[in-house]
Amino acid sequence: MTTKFSPVELSKAVTVSAPDGSRVDILAQNGRGSMARFSLDPHTVSKAVRHRTVQELWYIVAGIGEMWLSDSRGEEIIALAPGLSLSIPTGTSFQFRSLGDAPLEAIGVTMPPWPGMDEAEFVPGKW
């Protein structure tokens, strides 16, 4: 059945590697934002990046870990566990790591929609 609402089932989502090294399942998107599931293998650290034009909202759905965030006002490390949500403002440097024996998984929304792999620029990270 065709629908104008563009549903995406996770089992049929396109999977890509993000610039930070995490696995990304591309989910629904529209003209104002895009949604994806991020996954980082157990005991793995992402590459540190900063987004040029998008801001992100994350919701942790599985695993445990930490996220380092840094901007002109300072830096912070946030413990990641299921049920936590957080905001990553445009221009914020960030890096995350999986600390448990299961993958760290998050649902993320970018606003505006993710424009492509050139969006993320590599920066010096915490780990």
Side-chain angles (χ1 to χ4, degrees):
M1 166 173 43
T2 303
T3 174
K4 65 181 179 178
F5 298 104
S6 306
V8 177
E9 293 179 33
L10 181 59
S11 64
K12 297 177 182 173
V14 173
T15 302
V16 298
S17 291
D20 62 24
S22 63
R23 195 170 43 258
V24 178
D25 299 309
I26 300 170
L27 301 173
Q29 59 184 338
N30 63 27
R32 292 189 164 187
S34 58
M35 180 185 298
R37 180 179 72 166
F38 301 92
S39 181
L40 192 64
D41 289 335
H43 308 288
T44 302
V45 178
S46 74
K47 296 176 183 149
V49 296
R50 175 175 47 230
H51 292 157
R52 300 172 197 277
T53 64
V54 303
Q55 56 188 319
E56 287 190 333
L57 298 173
W58 280 39
Y59 178 75
I60 308 303
V61 295
I64 58 169
E66 293 179 321
M67 181 175 288
W68 165 78
L69 300 121
S70 177
D71 65 13
S72 61
R73 296 171 299 168
E75 65 179 54
E76 187 173 345
I77 294 175
I78 297 174
L80 304 177
L84 178 84
S85 64
L86 67 132
S87 174
I88 306 171
T90 305
T92 300
S93 298
F94 68 99
Q95 183 178 32
F96 57 105
R97 61 184 178 175
S98 174
L99 297 176
D101 293 330
L104 177 63
E105 296 182 4
I107 299 297
V109 175
T110 61
M111 298 152 301
W114 183 255
M117 294 301 183
D118 290 340
E119 170 63 20
E121 61 182 336
F122 295 105
V123 296
K126 182 76 169 177
W127 303 297

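Just the heavy atoms: all of them, side chains too, but no hydrogens, waters or symmetry mates, feed the values below. All values reported here derive from a predicted model rather than from experimental measurement.
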So, do [X] and [Y] sit near enough that their side-chain heavy atoms are less than 4.5 Å apart?
X    : Y   : answer
I107 : W58 : no
I60  : S85 : no
S46  : S22 : no

Considering all heavy atoms of both residues, which atom of [X] and which atom of [Y] are nearest to each other, and what is their separation?
X    : Y    : value
K47  : P19  : CD-O, 3.8 Å
M117 : S17  : CE-O, 3.1 Å
P42  : G100 : CB-O, 3.3 Å
E56  : T110 : OE2-CG2, 3.2 Å
A120 : R52  : O-NH2, 4.3 Å

Between Y59 and L84, is a side chain to side chain contact (heavy atoms under 4.5 Å, CB included) present by the stated rule, with each step listed? CA-CA 6 Å; Y59 178 75; L84 178 84; over 6 Å; no

May I ask whether [X] and [Y] are part of the same hydrophobic cluster, defined by side-chain heavy atoms of I, L, V, M, F, W, Y residues being less than 4.5 angstrom apart, directly or through others?
X   : Y    : result
L27 : L40  : no
F94 : F122 : yes
V24 : M67  : yes

Answer yes or no: is there a donor N or O on one side and an acceptor on the other, between the side chain of [X] and the main chain of [Y], under 3.5 Å?
X   : Y    : answer
S34 : W114 : yes
Q95 : W127 : yes
S87 : L57  : no
H43 : S98  : no

Interatomic distance, [X] atom [atom1] to [Y] atom [atom2] [nearest 0.5 angstrom]:
X   : Y    : atom1 : atom2 : answer
M35 : N30  : CE    : CG    : 9.5 Å
I88 : I78  : CD1   : CD1   : 8.5 Å
T44 : L104 : OG1   : CG    : 10.0 Å
F96 : F38  : CZ    : CZ    : 7.0 Å

Please report the C-alpha distance between V8 and I26 in whole Å, then the side-chain angles of each, then the deciding distance to 0.1 Å, and finally whether the side chain to side chain contact (heavy atoms under 4.5 Å, CB included) criterion is met. CA-CA 8 Å; V8 177; I26 300 170; over 6 Å; no

Contacts of W68 that satisfy ring-ring contact (aromatic ring centres under 6.0 Å, His included) - sequence neighbours left out: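 None.
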
Any carboxylate oxygen within less than 4.0 angstrom of a Lys/Arg side-chain nitrogen, looking at R50 and D71?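 Salt bridge: no.
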
Checking T53 against E119: is there a side-chain donor and acceptor pair closer than 3.5 Å?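 Distance-only check passes for E119 and T53.
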
Restricting to pairs with a member in residues 76-100, which pass salt bridge (Lys or Arg N to Asp or Glu O under 4.0 Å), not counting sequence neighbours?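 Matches after skipping sequence neighbours: E66-R97.
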
Run the side chain to side chain contact (heavy atoms under 4.5 Å, CB included) check on Q55 and T92 step by step: do they pass? CA-CA 9 Å; Q55 56 188 319; T92 300; over 6 Å; no

